[in-house]
Structure formats: structure tokens, C-alpha cells
Protein chains: 2
Amino acid sequence: MEKEGRISCSSYEIGERADILDTKVRKDLSSFGQFGIAGRGYKIKNLKKKIEEIIGKDSIWKIAVIGVGNLGTALLKYPGFKEECCKIVLAFDSDPQKIGKIIDSVPIYDIESIEREIRKNNLKIGIIATPSEEAQNVVNRLIKSGIKALLNFAPVSLSVPDDIKIIDIDLTARLEALAYYLTHK
Amino acid sequence: MEKEGRISCSSYEIGERADILDTKVRKDLSSFGQFGIAGRGYKIKNLKKKIEEIIGKDSIWKIAVIGVGNLGTALLKYPGFKEECCKIVLAFDSDPQKIGKIIDSVPIYDIESIEREIRKNNLKIGIIATPSEEAQNVVNRLIKSGIKALLNFAPVSLSVPDDIKIIDIDLTARLEALAYYLTHK
DNA sequence: ATAATATTGTGTTTTTTTTCACAATAATTG
DNA sequence: CAATTATTGTGAAAAAAAACACAATATTAT
Ligand SMILES: NC(=O)c1ccc[n+]([C@@H]2O[C@H](COP(=O)([O-])OP(=O)(O)OC[C@H]3O[C@@H](n4cnc5c(N)ncnc54)[C@H](O)[C@@H]3O)[C@@H](O)[C@H]2O)c1
Ligand SMILES: NC(=O)c1ccc[n+]([C@@H]2O[C@H](COP(=O)([O-])OP(=O)(O)OC[C@H]3O[C@@H](n4cnc5c(N)ncnc54)[C@H](O)[C@@H]3O)[C@@H](O)[C@H]2O)c1
């Protein structure tokens, strides 16, 4: 909406775009504070800033990608993350052909140096883009190095301690959800 | 578990791996039928087959990828989909440099031929991997061509009719969820 | 054959999420 | 300046999801 030049909007409009009810938009926001004006709605700029504060976008989170294959490379080349709070600053791979290369100004390090580099740069977020078989081992090393949050593309369920947040992106499962819809609708 | 050579398992074990309670595993399965044996658990092979039937994996779903950039290419090269119910059979791009190429035996067609090719091949699932600005237009054309389900990687909310299923994969939003966790835990 | 153990499927309860309903408020119109 | 309109924030109600509790059942051990 900001890009469209809009100044303010109602919870109804937000809900329309997010495909949820206006009342849910307001209830959800209300758990963080009061950001709107009765009868007028929300100032888009202001609401965006408030949400960014809530998310923690003010601090820039530096990220490591493990596994620079098809998917890892796509992530390194994606400029969209930089525009948000997240910046990929390090990558790791086990393939000697890839180690030492730089993709979009992100250096690819030897996986064997992962503990040292993660600690040195004080990274807290890691993205798993290695083959499934390597994922648990990589995760163990990341956690030992101080990583606290993980985005996992490998289609395996990884065990992590309770204080580590892990979000799985299982694309095959998502496609299967579409297949389920098609067979049952 | 099948790969590990296991024959049967309990709902407790499934829950442990999926990080949910055993009782939820059983309740969820119970909405499709009774697949277990009291006191013995589930036969892994059998349960897998039943779940595949529920999802609709018996029929192979042919898929089109629109936008063969960094991400689209990674998807085309991913062998994991073939092993499941989903097979990418067509790709589309607007870049003359890419049109006509074949990646991992998937031909890249001109976006201008999208309606014809989708209809001809009777595809029902599409993956959006174009820039955000193009996404809505591409979706409109896909729906006109008979596509019923969409996986969308563009970080925009797309409008589709009620009978079209769309699943959004917003990676930036997922990274922001990790940032939120780190700032608030 | 009986007891002990493991574990399912489901009715009931609890918790969480979503929706409803409306008073409060800000701006606009007549 | 009163009436009308738009829209928020929130307590209450409804709906949905998750967890609990346990009878039923299959197997193994005694
Ligand atoms: N490509 C996709 O579209 C796609 C889709 C869904 C899921 N995935 C999953 O994402 C992950 C990556 O997929 P991909 O297609 O990029 O695979 P890929 O084989 O192209 O890349 C894997 C990379 O990891 C590196 N690697 C292997 N072992 C490593 C280790 N121990 N430490 C560090 N690096 C290591 C390899 O050298 C390679 O560069 C896989 O788990 C895959 O199942 C990918
Ligand atoms: N690369 C990533 O890791 C990543 C991460 C998050 C989100 N995304 C999103 O996924 C989408 C694709 O990302 P990407 O990095 O592959 O981008 P990209 O620029 O590398 O590729 C986009 C491709 O789409 C093609 N294209 C443009 N207009 C088209 C049209 N009208 N019809 C058909 N093809 C068209 C381009 O020629 C190009 O090949 C974007 O919306 C991006 O925001 C990508």
C-alpha cells in the first residue's frame, strides 16, 4: 500500500489483502498496542514502523547459508532479503569446487571452519540448504557455534534443544497439500 | 522410518518426530479412518500407503513453473519432487535467452504460449517464480488456462477466485519470524 | 489361562482462536 | 452543531483445536 502511494488504510482493507477478517487484524495488532485511529484507520507508514519494531527489524540480522547448491545459490543471489531485516553474510559448503568462491559478495567457506566463522561473526540465524542426510549434523555444529534460529529446507525433521527455534520449509509437503485439495474439492 | 528398516511404530514415535503429541497424531488420522492396531501401533508401509491415498499421491500431478530465474531453476533441477507425487513438466519465461532451453528435461516455453500449453497438457498445478510485479498477471493467465492450485514464491498477496487454492511461500516473512523469536525470547 | 504391557480410537474437557457485537471516537455533511 | 459515516479496540460468545482420560484390544510373559 505504501508503494501505491496510500497514506492510510482500514483493518478491513488489510484483511482483504491478507484474506482474513478485519476483526482478526485488529485483535492481532491489539496484543502489541493501539496503532489505529477510530473512524480513520491506520497511518500506513506508522503501522509499518510499529510492526517492524515488533518483529525486531530495527536490528539487522546477519545470516549464514549452509549448502550452496541449487537452492542455496538462489538464496545468495536474492536481493529481496537485504531490503528487509535479513542479510546473508556467510555461506558454507563441503565441495572444494565451491569453497573460496564469492557469490553476490557472500564468501563461501569450508564447512570445516563453520564453528570458528559463525562464532567470530556472532551469527544467530542459519539456513539449512544441504542434502537431507547432512542436515542433522550441520544443525548440531551450528547450535554448538551459537546459532539460535534456523530455516530448514531439507525434508527431514531435525532434533534441536528447546531454546532453538526452527522453521521448516517443506516444498514437497506444500505441493502435496495442493494435490490433496485437488483430489478432495 | 521405512528407510530405517522399521516395520511398525506408535503414534507416540510419530509425534516425537513431528514434534506433536501422540494424541494429535491419532485424532488427525482418525478423521480419515482407522489405520492402527490397538497395542501394536501402525504398520509403517500400510500407513504410508493410506496417507498417500488420502493426499491423492496415486495420481501423478503434472506441474508448470512460471519464471525460470534463480529460484525457478533450482526447482527444475530438484529431483525430490519426482520421487513424490509431483512432476514438473513445463516451464515458462519471458526472456528470449531462456525460451527454448531445456533444464533437466523440462522445456522452457515462451510465456506468450502459456494458455495453449497449459490447456494442451491439462495441467492443474502451477508454481509462481516470477518477479512480484508480474505475478498477478501470470496468475490471471494460469487461471484462464484451467489451473486450479498455485504455489506462490512472489512476496505479494494475489487475488484468485474462491475455487482456486493458493499457498504462499514467503521466505522473507519466515526469516522475520525467526528475527521476532530472537528479539522476544 | 491369567496377568501384565503396549497402544489404539474416541468421548469429554480444556485451551486457543476466531468471530461477533458494540461503545467510543474522529471526521464529514447538512 | 447535530446527525451521519467510518472505523477502532475490546469484552463476550462461538467455534475450532488440542489435550486428557479411558475402555477396548492385541501381544507377550508367567
Ligand atoms: N532445489 C530445490 O528446489 C529444493 C526443493 C525442495 C527441497 N530442497 C531441499 O533443499 C536442500 C538443498 O537442495 P539443493 O537442490 O540445493 O541441493 P544440491 O545438491 O544442489 O546442493 C546441496 C549443496 O550442499 C553441499 N553440501 C553437501 N554436504 C554438505 C555438508 N556436510 N556441509 C556443507 N555443505 C554440504 C553440496 O556440496 C551442495 O553444494 C536439500 O535438502 C533438498 O532436499 C531443494
Ligand atoms: N531467489 C530466492 O531465493 C527468492 C527468495 C524469496 C522469494 N523469491 C521470489 O521468487 C520469485 C523469483 O525469484 P528469483 O530470484 O528466481 O528471480 P529472478 O529474477 O532470478 O527470476 C525471475 C524470472 O522470471 C522471468 N520473468 C519475468 N517476467 C516474466 C513473465 N511475465 N512471465 C514469465 N517469466 C517472467 C525472468 O525472465 C526470470 O527468468 C520472485 O518473486 C522473488 O521475490 C525468491
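Chain letters run A, B, ... following the sequence lines, proteins first and then strands; every chain starts at 1. Since this is a predicted model, take the numbers as computed values, not measurements.
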Tell me yes or no: between the side chains of A:Asn122 and A:Lys124, is some donor less than 3.5 Å from an acceptor? yes

In whole angstroms, how far is the P atom of D:dT5 from the CD1 atom of A:Ile37? 22 Å

Closest approach to the side chain of B:Lys27, judged atom by atom: which nucleotide of C:dA21, D:dT28, C:dT10 is it? C:dT10

Closest approach to the side chain of A:Ser11, judged atom by atom: which nucleotide of D:dT8, D:dT25, C:dG9 is it? D:dT8

Take atom CG of A:Leu47 and atom C1' of D:dT8, then tell me their distance rounded to the nearest Å. 13 Å

Provide, to the nearest angstrom, the distance between the CD atom belonging to A:Glu13 and the C1' atom belonging to D:dA6. 11 Å

Counting only side-chain heavy atoms from C-beta out, which of C:dG9, C:dT7, D:dG9 sits nearest to B:Ser10? C:dT7

Nearest-Å distance, CG (A:Leu29) to P (C:dT18)? 14 Å

Verify the cluster assignment for B:Phe92 and B:Leu142: are they in a single hydrophobic cluster under the rule of side-chain heavy atoms below 4.5 Å apart? yes

Should B:Arg40 be listed as having a side-chain N or O under 4.0 Å from OP1 or OP2 of C:dT7? no

Options D:dC20, D:dT8, C:dT8, nucleotide nearest the side-chain atoms of B:Arg26: C:dT8

Taking the side chain of A:Lys24 as heavy atoms from C-beta outward, which of D:dT7, C:dT18, C:dG9 is closest to it? C:dT18

Without decimals, in angstroms, what is the distance between B:Asp19 CG and D:dA18 C1'? 14 Å

Grab the CD1-C1' distance between A:Ile14 and D:dT7 for me, whole Å please. 12 Å

Considering only D:dT8, C:dT10, D:dC20, which nucleotide approaches the side chain of B:Ser30 most closely? C:dT10

Reading DNA chain C from 5' onward, which residue's closest nucleotide shows up sooner: B:Thr23 or A:Gly39? B:Thr23

Please determine whether a side-chain nitrogen of the Lys or Arg among A:Glu117 and A:Lys62 lies less than 4.0 Å from a carboxylate oxygen of the Asp or Glu. no

Residues, nucleotides or ligands: over 12 heavy atoms within 6.0 Å of B:Ile60 CD1: no

So, is B:Tyr42 near the phosphate of C:dG9, with a side-chain N or O under 4.0 Å from OP1 or OP2? yes

Length of the line joining A:Tyr12:OH and D:dT7:P, which is rounded to integer Å: 11 Å

What's the closest nucleotide to the A:Gln34 side chain, out of D:dC20, D:dT10, C:dT8? D:dT10

How about A:Ser11 and A:Arg26: does a side-chain donor come under 3.5 Å of a side-chain acceptor? yes

To the nearest Å, how far apart are B:Asp28 CG and C:dT8 P? 14 Å

